[in-house]
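Here is the structure we will look at.
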Amino acid sequence: MSHPLPHPRRRRRTSLRAALTALALTAVGLTAPTIAPSSAAPAAAPVEAPDLGDRVIVFDPSMPTAEIREQADAIWQQQVDAEMSEERWSLLFLPGTYGTPSEPLQIKVGYYTEVAGLGADPSDVVINGKVEVYNRCLTDGPTQPYCVALNNFWRSLSNLTIDVNGTGQDGCRASANFWATSQAASLRRVDIRGGNLSLMDYCTEGPQFASGGYLADSRAGEVINGSQQQWLTRNSEVANWSNGVWNQVFAGTIGAPSEAGFPTPPYTTLDQTPLSREKPYLHLGDDGDWQVRVPSVRTDSRGTSWAGGTTAGKDLPLSAFHVASPDQSARTIAKALDRGKNLLLTPGVYDVDRSLVIRRDDTVVLGLGHATLTAVGGATPVVVRPEATGVVVAGVTIDAGTRLSPNLMHIQGRPGRSGDNRPAAAAPTTTLNDVYFRVGGPHIGKADVSLRIDADDVLIDHAWVWRADHGVEGFTAGAVGDTDRWNTNIGRVGVIVDGDRVRATGLFVEHYQEFNTIWNGERGEVVLYQNELPYDPPSQADWTRPDGTLGWAGYKVADDVRRHQLYGGGVYVFNRNDPSITTESGFEVPERAGVRLHHVLTVNLEAGSIEHVVNDTGARVDSNAPGVPSYVVDYPAP
């Protein structure tokens with residue numbers, strides 16, 4: 001989302017800061033933790049854990065709170081600044097209660113770390129304490145600290161209950177369970193009780209910015225949005241939601257605020273979610289066997305999937321999965337798919353030199369601990385064949401490699417053959433839950449298109465498609481190495497949708513070198529779209545189309561599309577490599593009644609400009625008023 005050097009790119013209304021006691025964070029250096037592997041679970045554990053590798057830690061409620069905290073803290077100490085590392089972790093909690101009122105379990109979550117309960121329901125694992133993410137201090141000088149959540153990516157919390165307990169913390173830290181994150185950091189199936197949930201960290205000195213996240217199938221009391229720029233809350237229940245910056249979207253959420261005053265406050269609210277399918281999760285069955293629950297599809301839904309009992313769906317035994325490890329070859333993993341196995345990807349980075357091809361109906365690919373597939377030799381790491389339906393891919397990050405890949409994921413189909421008027425399928429042909437794409441960052445990356453969807457009736461449920469605006473590649477030419485980055489890390493388009501009736505709940509696409517998203521299919525529907533245009537074009541000439549149009553829109557609906565809907569969308573500009581660059585429009589759509597955008601905006605972050613919000617409608621944004629959005633309530637106007 002933002003490069004790791006301090007800059008004034010995100011100025012915010014100071015009224016959003018809570019008037020609470022400040023607590024300075026000190027950036028912690030990396031240390032290698034000494035942690036027992038999951039295969040060496042404590043003797044008191046009621047269930048023997050399967051061998052999921054040495055980066056899966058299984059905790060048991062009989063373990064002393066101090067011991068759990070010590071192991072979790074060791075991982076956090078290693079991962080708090082490990083943004084571009086290859087370490088991956090999954091911290092799993094067996095059913096039971098952890099911590100006590102007088103000795104709560106308080107842990108923090110760093111990069112590439114998953115924290116999840118192993119119960120069938122969120123109430124099966126109760127943490128008396130906190131599971132938190134604080135601002136990351138990129139500089140910790142006493143006079144100019146720069147502590148923000150803008151780069152707090154790649155972490156997750158799911159399937160448990162938190163009884164918020166700040167005993168032993170100072171007054172500010174005790175005031176909430178903090179989850180100060182940006183992209184690729186989901187909260188799912190979480191029940192927050194007895195205290196506030198804050199989506200920003202107001203206890204550190206500095207600007208306290210946060211930029212985008214995702215809450216689904218969860219319940220919370222008071223939610224403090226604070227400085228979160230954009231956020232999607234889907235199929236959840238909240239007692240109250242306070243604050244909003246640019247773009248907060250709610251779908252099927254009990255207690256969601258009204259959108260009547262938009263853009264003041266900037267809320268977009270759908271009473272129901274048209275189509276949803278929750279992410280599969282690992283849990284223990286009644287007989288103690290390890291299983292993967294695959295939730296059923298819901299239509300026109302509201303509230304959590306577990307409010308009336310265990311989430312509807314089917315359980316797959318672990319024996320139905322090939323448990324993959326990073327030391328296995330892509331050929332070995334692909335053969336397992338061909339044999340009819342589902343995939344459970346244990347934490348780590350996988351080198352994928354040939355496509356993992358999904359051909360069988362109802363195949364499940366589930367990643368633990370942000371398992372990452374890296375393209376090697378120009379491969380397309382994941383391919384879903386047209387004959388496969390009911391496929392679910394969840395919890396996986398897909399990285400571009402150093403040779404150009406045509407795609408990082410290709411959901412194949414026969415676009416245009418089914419007909420626009422055909423009813424939507426009863427269930428998505430493919431569902432993506434928490435699937436992330438990355439071009440550049442930890443190493444040079446090249447991919448023409450990151451996510452290509454040719455199939456009809458696909459559901460995207462939280463995806464971050466990111467051409468990295470910062471990393472450790474060692475670029476030098478241009479501002480923050482941007483000229484080198486532009487010429488080396490190749491990502492032409494983030495997402496291309498050719499299939500009909502493709503839906504997305506939470507689509508984040510950033511920094512691609514032409515259109516960030518191209519939607520060619522009919523009857524597409526998106527609930528929350530967030531985009532930043534690329535920071536790194538060296539000049540206006542590099543950011544001008546062959547026909548002379550200034551720049552490429554962040555969201556493009558093809559000229560021949562007849563029906564399309566978008567609820568809550570934002571396109572941001574920060575041309576730090578050349579602040580004189582301008583872009584004609586943030587959104588570009590055909591002029592017809594069936595193509596409708598509801599609550600969209602553009603905003604200047606510090607440099608560059610966008611002339612219009614949609615086509616030729618909406619006021620210009622530029623560096624004369626950084627951070628002040630230009631809104632269009634409805635396009636076309638009613």
Report yes or no: do [X] and [Y] form a side-chain donor-acceptor pair below 3.5 Å?
X: N342; Y: R360; answer: yes
X: W543; Y: T583; answer: yes
X: D456; Y: T429; answer: no
X: D351; Y: T374; answer: no
X: Y111; Y: S85; answer: no
X: S90; Y: E114; answer: yes
X: D536; Y: N577; answer: no
X: R492; Y: Q513; answer: no

Legend entry - Over 12 non-hydrogen atoms of neighbours within 6.0 angstrom of CZ in R545: yes

Inset, instruction - For E387, look at atom CD and say whether over 12 heavy atoms of other residues, nucleotides or ligands are found less than 6.0 Å away. - result: yes

Inset, instruction - With sequence neighbours excluded, tell me which residues meet ring pair (Phe, Tyr, Trp, His ring centres under 6.0 Å) with H322. - result: none

Legend entry - Lys/Arg N to Asp/Glu carboxylate O, D457 vs R501, below 4.0 Å: yes

Inset, instruction - Taking S182 for its side chain and N152 for its backbone only, find out whether a donor-acceptor pair lies under 3.5 Å. - result: no

[atom1]-[atom2] distance between [X] and [Y], expressed to the nearest 0.5 angstrom:
X: R293; Y: E278; atom1: CZ; atom2: CD; result: 12.5 Å
X: N531; Y: Y512; atom1: CG; atom2: OH; result: 10.5 Å
X: T402; Y: E473; atom1: OG1; atom2: CD; result: 12.0 Å
X: S450; Y: L408; atom1: OG; atom2: CG; result: 4.5 Å

Inset, instruction - Run through E86, R438, R88 and flag the one making a side-chain hydrogen bond (donor to acceptor under 3.5 Å, both in side chains) with T372. - result: R88

Heavy-atom pair of closest approach, residues [X] and [Y]:
X: L160; Y: G117; value: CD2-N, 3.9 Å
X: A251; Y: V527; value: CB-CG1, 4.2 Å
X: V502; Y: A455; value: CG2-O, 3.7 Å

Legend entry - Ring-ring centroid check W464 Y436, cutoff 6.0 Å: no

Inset, instruction - For the residue pair Y555 and W519, categorise the inter-ring angle as parallel (less than 30°), tilted (30 to 60°) or perpendicular (more than 60°). - result: tilted

Inset, instruction - May I have all residue pairs that pass ring pair (Phe, Tyr, Trp, His ring centres under 6.0 Å) and include part of residues 364-396, sequence neighbours excluded? - result: none

Inset, instruction - Please lay out, stage by stage, how K335 and D338 fare under the test salt bridge (charged side-chain N to carboxylate O under 4.0 Å, His left out). - result: CA-CA 5 Å; K335 284 184 176 179; D338 291 341; over 6 Å; no

